[in-house]
Novice: 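Following this message is one structure expressed as structure tokens.
Lettering of chains follows the sequences in order, A, B, ..., and the numbering in each one begins at 1. What you see below is based on every heavy atom in this structure, not just the backbone, and it leaves out hydrogens, waters and symmetry mates. If you're wondering where the values come from, they're calculated on a predicted model, not measured in any experiment.
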Amino acid sequence: MNMAVNIAGVEWKNPVTTASGTFGSGEEFSEFVDLNRLGAVTTKGVANVPWPGNPTPRVAEVYGGMMNAIGLQNPGIDLFCKRDIPFLRKYDTKIIVNVCGKSEQDYCEVVERLGDEDVDMLEINISCPNVKEGGIAFGQNPKAAESITKAVKKYAKQPVIMKLSPNVTDITEMARAVEAGGADVVSLINTLTGMKIDINRKTFAIANKTGGMSGPAVHPIAVRMVYQVAQAVKLPIIGMGGIASAEDAIEMILAGASAVSVGTANFHNPAVTMEIVEGIEKYMQAQGFDSVADMVGIVK
Amino acid sequence: MNMAVNIAGVEWKNPVTTASGTFGSGEEFSEFVDLNRLGAVTTKGVANVPWPGNPTPRVAEVYGGMMNAIGLQNPGIDLFCKRDIPFLRKYDTKIIVNVCGKSEQDYCEVVERLGDEDVDMLEINISCPNVKEGGIAFGQNPKAAESITKAVKKYAKQPVIMKLSPNVTDITEMARAVEAGGADVVSLINTLTGMKIDINRKTFAIANKTGGMSGPAVHPIAVRMVYQVAQAVKLPIIGMGGIASAEDAIEMILAGASAVSVGTANFHNPAVTMEIVEGIEKYMQAQGFDSVADMVGIVK
Amino acid sequence: MSRKKEMATVLSQEMLAEGIFSLWLETSAAAEAKPGQFLSIYTNDGTKLLPRPISICEIDKEKGALRMVYRVTGEKTGTKQFSELKAGDQIPVIGPMGNGFPLEEAKGKKTFLMGGGIGVPPILELAREVDCAEKQIVVGYRDAHTFLKEEFEQNGKLYIATEDGSVGTKGNVMDAIREQALDAEVIFACGPMTMLRAIKAYAEENGILCYISLEERMACGIGACLGCVCKTKEVDAHSNVHNKRVCKDGPVFLSTEVEI
Amino acid sequence: MSRKKEMATVLSQEMLAEGIFSLWLETSAAAEAKPGQFLSIYTNDGTKLLPRPISICEIDKEKGALRMVYRVTGEKTGTKQFSELKAGDQIPVIGPMGNGFPLEEAKGKKTFLMGGGIGVPPILELAREVDCAEKQIVVGYRDAHTFLKEEFEQNGKLYIATEDGSVGTKGNVMDAIREQALDAEVIFACGPMTMLRAIKAYAEENGILCYISLEERMACGIGACLGCVCKTKEVDAHSNVHNKRVCKDGPVFLSTEVEI
Ligand SMILES: Cc1cc2nc3c(=O)[nH]c(=O)nc-3n(C[C@H](O)[C@H](O)[C@H](O)COP(=O)(O)OP(=O)(O)OC[C@H]3O[C@@H](n4cnc5c(N)ncnc54)[C@H](O)[C@@H]3O)c2cc1C
Ligand SMILES: Cc1cc2nc3c(=O)[nH]c(=O)nc-3n(C[C@H](O)[C@H](O)[C@H](O)COP(=O)(O)OP(=O)(O)OC[C@H]3O[C@@H](n4cnc5c(N)ncnc54)[C@H](O)[C@@H]3O)c2cc1C
Ligand SMILES: Cc1cc2nc3c(=O)[nH]c(=O)nc-3n(C[C@H](O)[C@H](O)[C@H](O)COP(=O)(O)O)c2cc1C
Ligand SMILES: Cc1cc2nc3c(=O)[nH]c(=O)nc-3n(C[C@H](O)[C@H](O)[C@H](O)COP(=O)(O)O)c2cc1C
Ligand code: FES
Ligand code: FES
């Protein structure tokens with residue numbers, strides 16, 4: 001039985017990675033998870049320069065999930081390359097660097113810089129709903145999405161994953177746009193824009209007013225979008241959104257994802273990624289699947 | 001303290017109604033709920049002719065909510081007028097008739113027919129994701145939404161509520177479109193399109209493949225959209241999506257809804273609407289609000 | 001406004017076979033309950049909001065109690081949570097739901113009471129209450145875990161079929177009828193769709209009056225959402241289309257009125 | 001890979017005052033715990049997925065147990081669920097979390113241990129462990145429900161302030177200090193933001209070394225999500241911006257390094 005997956009030419013030992021922003025650069029979680037057991041680690045979004053992020057409160061609990069408006073706080077690409085890449089390289093796992101920016105140029109600067117670094121894939125976040133210019137302008141407009149994909153691809157030495165926003169009327173239009181732009185992979189979904197009001201204090205639970213919703217509550221929406229994108233484009237898909245168990249991950253794979261990312265569930269159970277790897281293995285055994293690829297998108 | 005609300009000239013005794021499709025025409029629930037205690041009863045979508053709806057399974061449970069693809073099964077406007085309106089008229093509550101159709105003409109036919117009936121408001125469902133032509137073509141396109149609003153308004157003798165779909169990039173664009181078309185009220189949100197796969201049977205949990213997701217899991221998305229629409233248009237808003245308690249209802253009102261609809265929660269607790277009316281009353285007392293209108297949209 | 005969701009109290013729970021549990025609940029639903037009706041049982045888990053419809057297996061009007069026999073369908077399911085309930089625990093229910101079997105139709109008639117798989121339990125209370133000429137209970141199991149067997153033996157003439165042939169006829173309930181050359185004038189049946197289809201065909205061929213209890217996914221359980229419909233031959237008066245609601249118009253239907 | 005989420009066992013629970021509960025948990029987190037650290041406590045309810053950070057109030061290394069004293073913040077909250085736990089129940093936790101108070105800084109110094117409201121509990125273990133010249137415990141309550149008072153009296157010189165004046169100084173901990181004309185060389189404090197701001201200002205004016213324990217909403221509790229940051233005066237080495245993480249770099253900070 002073969003747990004390995006090949007995503008745009010990069011061989012992961014298994015189909016499980018971490019959702020950007022929920023796992024830092026792996027260091028904090030390395031106390032709870034053997035990073036060698038993960039197919040890949042996807043890091044928190046990094047920009048060309050350090051970003052301070054949004055005011056607090058930045059997070060809130062909602063029914064079956066959470067909301068966040070971190071606002072892409074990050075230490076900037078220089079410190080990231082100096083500290084976080086060498087840390088992750090100590091482990092036998094692929095490194096996916098999530099990139100954020102406010103302009104096409106910002107993204108390209110980071111992507112170019114990463115060309116010389118020992119990282120395996122780049123994930124371009126054009127879908128952060130929590131900062132005015134954190135990419136969502138690109139992520140809700142197919143033309144802009146295609147154009148930024150093209151721009152990024154010019155500079156990229158590693159395969160490029162375009163990360164899509166679910167806050168759109170037609171996710172397939174966005175997927176086709178980034179495919180047309182030359183993306184190697186699509187990942188979805190980023191968070192759904194939500195709001196929570198504290199009725200006693202009569203104020204927003206999150207300082208940013210709106211936040212990005214994630215966790216089990218959004219899983220059915222993510223599965224639907226992964227399925228739709230799988231029917232619409234040829235690109236491999238990294239599926240995410242509410243995955244909290246092997247069953248959730250398998251659902252995503254059957255719907256068409258070649259690999260999966262686990263986000264919010266890490267906060268509830270820091271060891272969940274390893275448990276998901278094991279659970280997928282058990283399911284494959286029980287169901288007689290020889291390879292992960294044999295499961296991808298078979299429910300149609 | 002005044003629990004009454006005035007929605008486009010219609011005075012409800014309190015701001016709580018039932019979400020279309022979750023309460024039938026009230027008869028089944030009348031065993032569990034004193035319909036006299038509700039501000040209004042909103043009926044299941046009715047078309048010009050009887051519709052058979054989708055194949056089963058039509059419903060599935062998801063984390064913190066459910067999915068449905070009933071497919072707008074309905075007995076047609078004739079039987080509805082003969083049976084359901086007289087039943088509801090026995091109660092001291094407002095009647096909101098939810099209307100569905102496959103073409104502009106379908107909608108107008110039903111609306112015209114209802115002009116002679118003793119009902120208080122019409123809710124036009126242009127947002128059902130579960131039938132190919134159940135309105136969603138209107139509900140995801142601002143031009144089409146504006147045009148159908150105009151058409152319906154030509155025939156309508158009662159105030160018209162346009163019901164919006166959350167499956168759009170920009171809900172405010174849709175709200176502005178129906179406002180431009182002459183809508184008297186907007187209601188939101190309808191269900192979010194989701195999917196669930198049974199990994200053991202390797203098939204869709206719902207025969208229609210996709211279904212509309214509802215219940216507490218979608219509440220933060222609904223609150224966000226109600227808030228955004230409240231900032232964008234002058235129309236009164238009927239807020240819904242995941243309301244399962246008085247707290248949830250109040251959150252929606254503080255975000256900008258003049259009234260609220262309760263849907264999926266009825267399936268979990270058939271008496272929930274009455275409990276919500278009482279809970280809002282208690283909150284107003286505790287917080288010193290004299291009227292519901294004083295709470296609407298005060299969190300900005 | 002006479003009905004409500006209420007907390008039932010667990011009186012006892014036991015495992016009858018691997019994954020099959022028997023639960024006695026104290027609930028006001030017992031007062032009105034009839035064989036073939038079901039209870040909507042809710043979990044205490046806020047992530048699982050919909051009711052689980054479970055047939056009534058036995059009614060004890062004196063104690064105000066109902067017995068539910070159910071299968072745990074998997075890990076992390078509602079039925080798994082039910083199986084962890086202990087005497088004294090509380091669980092929310094609404095009931096009794098649905099129409100139940102029309103017992104009067106069997107009066108003085110030679111009758112089959114047929115159950116298969118997890119459709120076996122409701123046949124028990126039916127067998128206890130039905131007043132008919134020849135009470136032939138025909139039940140089908142997967143294997144030698146013939147739960148409720150003793151209770152059935154006390155309430156009629158029992159014929160068993162097992163898929164693996166370990167007890168009674170090898171095969172299903174239809175095989176048992178053929179093997180034993182049984183016949184009847186009325187059939188009451190509950191079980192998997194394949195079994196019900198076979199019984200419906202058999203009854204129609206032989207002009208036997210036949211009532212079958214159907215299963216469908218439910219959301220409201222009270223007839224309001226139209227989630228749980230089955231196809232009907234004629235236009236139905238309530239729906240005005242060819243659909244009836246399993247939860248409210250059923251779960252028991254005349255076999256000739258539904259298309260399954 | 002040395003840490004994990006584990007099930008802690010409830011040893012006992014009691015209500016100290018209206019809505020204030022004391023919970024003893026048996027957990028391996030006790031082995032390493034220090035005053036000022038906290039435990040991430042999870043609910044058993046799948047609709048509430050994030051941890052509740054609760055400070056360690058007392059440590060019993062021998063029994064491998066921690067005492068948590070917490071306030072129920074409302075109906076339907078996680079803390080409400082915690083308050084229903086009984087001896088023998090299990091509850092998931094990760095800990096100990098955060099840095100704790102730097103006890104060594106108080107060595108030989110005249111010290112204030114200050115707590116306000118639900119920031120009072122962590123001061124207890126601090127008082128028990130700190131080795132300083134003059135241990136002045138100054139705690140503020142809303143009213144006469146002066147929970148943990150006896151324990152404090154056994155561990156230092158106790159000064160109480162109450163908002164309604166029912167016990168000790170009327171007002172807050174700063175009022176108590178002024179009224180009693182107290183002074184100190186080192187301050188350790190935990191409590192609401194307004195109190196911490198006043199203490200920070202007082203300490204800076206008087207050149208007193210001051211450590212304060214901050215509160216912020218958390219998601220991961222382990223330093224990965226950047227949910228719980230506080231503003232720092234200098235660029236922080238980890239974040240490379242003016243932010244530190246309350247869960248990992250704190251919750252205890254030198255008052256001069258943070259802007260609150
Ligand atoms: C009228 C009627 C009577 C029934 N009587 C019995 C009985 O006596 N004993 C028994 O073991 N089972 C009975 N069933 C089947 C039983 O309802 C399901 O096995 C049960 O709901 C599964 O719930 P779960 O928590 O195990 O599964 P989950 O997977 O957690 O269920 C998720 C959702 O799907 C629904 N669901 C899943 N499987 C079914 C199913 N087969 N039929 C209907 N809904 C389903 C659940 O109700 C729930 O809403 C009956 C079904 C119906 C319609
Ligand atoms: C380092 C630290 C130590 C703490 N120590 C204690 C203590 O010893 N005793 C005590 O009673 N309280 C303490 N608190 C506050 C405590 O964490 C909150 O009161 C508690 O999380 C509220 O949860 P809930 O289930 O009551 O509310 P809910 O409304 O159900 O909580 C929803 C979410 O918001 C978070 N949240 C709500 N209020 C707060 C808050 N004030 N601070 C941080 N998160 C919050 C919850 O953790 C949860 O994720 C501490 C907080 C921090 C940051
Ligand atoms: C606290 C937090 C921070 C996040 N930060 C980022 C980010 O920096 N870049 C990004 O592309 N997505 C970010 N996301 C989105 C996640 O990567 C993921 O797309 C989303 O949370 C859905 O998955 P989940 O439900 O498993 O969490 C963040 C999510 C959370 C909860
Ligand atoms: C079973 C079911 C049937 C529905 N049928 C209709 C309908 O006929 N017309 C309509 O406008 N909305 C329909 N809806 C959508 C609801 O009215 C409501 O917009 C949605 O469920 C969100 O609210 P909730 O989370 O409180 O359920 C239906 C929802 C459910 C769950
Ligand atoms: S379950 Fe709602 S109509 Fe039957
Ligand atoms: S809670 Fe995640 S960094 Fe502190």
Side-chain angles (χ1 to χ4, degrees), chain A residues 18 21-37 44 49-76 78-80 83 200 205-206 214-217 244 263-272 274, chain D residues 1-7 40 42-53 73-79 92-95 97 193 214-232 235-249 258-260:
Chain A
T18 57
T22 66
F23 210 76
S25 288
E27 199 206 320
E28 294 81 9
F29 273 93
S30 66
E31 291 192 71
F32 297 89
V33 179
D34 177 0
L35 302 184
N36 298 303
R37 303 264 294 277
K44 169 80 185 159
V49 292
W51 287 11
N54 286 330
T56 58
R58 290 178 170 185
V59 293
E61 193 179 59
V62 299
Y63 204 100
M66 63 171 286
M67 290 198 324
N68 89 82
I70 307 296
L72 294 175
Q73 178 186 327
N74 78 87
D78 288 338
L79 181 56
F80 179 84
R83 175 185 61 196
N200 294 312
I206 287 196
S214 59
T264 302
N266 292 303
F267 302 160
H268 183 65
N269 172 9
V272 74
M274 291 189 299
Chain D
M1 236 206 96
S2 52
R3 305 187 73 183
K4 60 176 207 274
K5 187 175 174 189
E6 53 156 325
M7 286 310 245
S40 280
Y42 295 79
T43 71
N44 289 314
D45 170 354
T47 72
K48 298 184 195 304
L49 297 171
L50 299 182
R52 272 68 184 155
T73 66
E75 288 307 311
K76 301 184 194 171
T77 60
T79 48
V93 305
I94 303 180
M97 301 304 220
M193 202 50 107
L214 299 184
E215 239 187 53
E216 193 45 79
R217 304 283 160 144
M218 298 185 181
C220 70
I222 67 170
C225 75
L226 308 179
C228 67
V229 298
C230 62
K231 280 253 145 305
T232 55
V235 166
D236 160 64
H238 176 269
S239 70
N240 213 16
V241 293
H242 294 262
N243 282 346
K244 274 184 187 279
R245 298 161 297 180
V246 170
C247 68
K248 175 108 176 170
D249 307 317
V258 292
E259 296 188 340
I260 57 175

Novice: With a 4.0 Å cut-off on N to O distance, would you call D/Glu216 and D/Lys244 a salt bridge?
Specialist: no

Novice: Parallel, tilted or perpendicular, judged at 30° and 60°: which one describes the rings of A/Phe29 and A/Phe23?
Specialist: parallel

Novice: What residue, out of D/Asp45, D/Asp236, D/Val229, D/Val235, has the most heavy-atom pairs lying under 4.5 Å from chain A?
Specialist: D/Val229

Novice: With only heavy atoms counted, which part of A/Pro50 is less than 4.5 Å from chain D, the side chain, the backbone, both or neither?
Specialist: both

Novice: Report which part of A/Asn200 has an atom under 4.5 Å of a heavy atom belonging to chain D: side chain, backbone, both, or neither.
Specialist: neither

Novice: The test is side chain to side chain contact (heavy atoms under 4.5 Å, CB included); show your working for D/Met218 and A/Val59 and say whether it passes.
Specialist: CA-CA 7 Å; D/Met218 298 185 181; A/Val59 293; 5.7 Å; no

Novice: Given that the side chain runs from C-beta out, which part of A/Ala60 has a heavy atom under 4.5 Å from chain D: side chain, backbone, both or neither?
Specialist: backbone

Novice: What are the two closest non-hydrogen atoms of D/Gly221 and D/Met97, and how far apart are they?
Specialist: O-CE, 3.7 Å

Novice: Could you tell me which portion of D/Lys231 (side chain, backbone, both or neither) has an atom closer than 4.5 angstrom to a non-hydrogen atom of chain A?
Specialist: neither

Novice: Please check if the number of heavy atoms outside D/Glu75 that lie under 6.0 Å from its CD is greater than 12.
Specialist: no

Novice: CG/D/Leu49 to OG1/D/Thr43 distance, rounded to the nearest 0.5 angstrom?
Specialist: 7.0 Å

Novice: Against chain D, label A/Met274 side chain, backbone, both or neither, depending on which of its atoms sit under 4.5 Å from a heavy atom there.
Specialist: side chain

Novice: I need the residue from D/Lys4, D/Lys248, D/Lys48 with the largest number of non-hydrogen atom pairs under 4.5 Å to chain A.
Specialist: D/Lys48

